[in-house]
Amino acid sequence: MKQLIPVLVLGLLAACGGGPERTTEGTTKEDSTAAVAAPSIDLASHGLPLLLTPPDKQLTGGLDPSIVWKDETGTLEVRAGDHFGLMIREEPGDIPRLKAALDRDLLKKNTLLRETPELLIYKSEFPDDPSLVFMHFCQVLRAGDRSFVVQDVDGQTFNQQDIERMMAAVSPKPPA
């Protein structure tokens, strides 16, 4: 009887499968589906025809994004941890005007890193203190006949990866 128990246990394990299936990249199928399992958040409840893809919880310390409507500025603010914070406003967006304002800035040195008609990524640094370097982005999204400006929140420090992640997090909602 004692010999039969290990045989039965091995038989049950074989019947249930040998654990997660491996892909050619060395990751498991469970791992790859978990990374894309985070559903998009529909921002229609805030009056915006946009979708927000929340950041991976590993990057936010396990925190879900907090979404707060700021009446006084007409801004939707989304924050999750120290590496994700963006603002969304409904306005036409004017990249050339922002670029001109950065050129006129007498306090900081602003360096353009990427520029398109709908996007501006730039670095701001204080000449007197090289440790004060800030990455920023401003992106114009169009959803139907409406236009929105998405940019990083003030007062938080972001790196290039944070900026790229935040830019990709907001997209127009596909028409129904």
Between side-chain atoms of residues 136-144 and protein atoms elsewhere (two or more places apart, or another chain), which donor-acceptor pairs fall under 3.5 Å?
{"residue": "His136", "atom": "ND1", "partner": "Asp152", "partner atom": "OD2", "Å": "2.8"}
{"residue": "Arg142", "atom": "NH1", "partner": "Ser147", "partner atom": "OG", "Å": "2.9"}

- request: State yes or no: do Met166 and Ile95 share one hydrophobic cluster built from I, L, V, M, F, W and Y residues joined by side-chain heavy-atom distances below 4.5 Å, directly or via other members?
  value: no
- request: Report yes if some heavy atom in the side chain of Lys123 is under 4.5 Å from a heavy atom in the side chain of Val133; otherwise report no.
  value: yes
query: When hydrophobic residues are tied together by side-chain contacts of less than 4.5 Å, even through go-betweens, does Val153 share a cluster with Phe148?
result: yes
task: Return yes when atom CG of Asp82 has more than 12 non-hydrogen atoms of other residues, nucleotides or ligands closer than 6.0 Å, and no otherwise.
output: no
Hydrophobic cluster identity match, Leu113 and Leu98, side-chain contacts under 4.5 Å: no
Donor-acceptor under 3.5 Å (Asp129 side chain, Phe126 main chain): no
field: Within-4.5 Å side-chain heavy-atom neighbours: Ser171 and Leu50
entry: no
message: Tell me whether Thr75 contacts the main-chain N or O of Glu77 through its side chain, where contact means a donor paired with an acceptor under 3.5 Å.
response: no
- line: In this structure, CG of Asp105 is separated from OH of Tyr122 (nearest 0.5 Å) by 9.0 Å
- request: Report yes if the side chains of Thr157 and Phe134 come closer than 4.5 Å at any heavy-atom pair, otherwise no.
  value: yes
task: Would you indicate whether the side-chain heavy atoms of Leu112 and Leu102 approach each other to under 4.5 Å?
output: yes
Side-chain ion pair, Arg114 and Glu164, N-O less than 4.0 Å: yes
- prompt: Taking atom CD of Gln161 as the centre, does the number of heavy atoms from other residues, nucleotides or ligands within less than 6.0 Å exceed 12?
  reply: no
For Ala80 against Pro55, the heavy-atom pair lying closest together: CB-CG, 4.0 Å
message: To check you understand the geometry: which heavy-atom pair defines the closest contact between Gly93 and Val149, and what is its length?
response: CA-CG2, 3.4 Å
query: Are Val78 and Met135 connected in a single hydrophobic cluster, I mean Ile/Leu/Val/Met/Phe/Trp/Tyr linked by side-chain heavy atoms less than 4.5 Å apart?
result: yes
Cluster check Met167, Ile41: I/L/V/M/F/W/Y, side chain < 4.5 angstrom: yes
task: Taking the side chain as every heavy atom from C-beta outward, state whether Leu76 and Leu48 have any pair of such atoms under 4.5 Å apart.
output: yes
query: Where do Ser124 and Lys108 come nearest, in terms of heavy atoms and distance?
result: CB-CD, 4.0 Å
statement: Output for pair (Leu86 CG, Asp162 CG), nearest 0.5 Å, gives 11.5 Å
- prompt: Is there a side-chain contact between Arg79 and Ile67 (heavy atoms, below 4.5 Å)?
  reply: no
message: Taking the side chain as everything from C-beta on, heavy atoms only, tell me whether Asp42 gets closer than 4.5 Å to Lys173.
response: yes
message: Minimum heavy-atom separation for Thr73 and Arg89, please, with both atom names.
response: O-CD, 4.1 Å
message: Just to verify, what does Glu115 make a side chain to side chain donor-acceptor pair (under 3.5 Å) with, not counting sequence neighbours?
response: Lys99
query: Are the side chains of Pro54 and Phe84 in touch, meaning some heavy atoms are under 4.5 Å apart?
result: no
task: Output, in order, the C-alpha distance, side-chain angles, deciding distance and verdict of salt bridge (charged side-chain N to carboxylate O under 4.0 Å, His left out) for Arg165 and Asp56.
output: CA-CA 10 Å; Arg165 192 175 304 111; Asp56 187 356; over 6 Å; no
- prompt: Residues in side chain to side chain contact (heavy atoms under 4.5 Å, CB included) with Asp145, at least two apart?
  reply: none
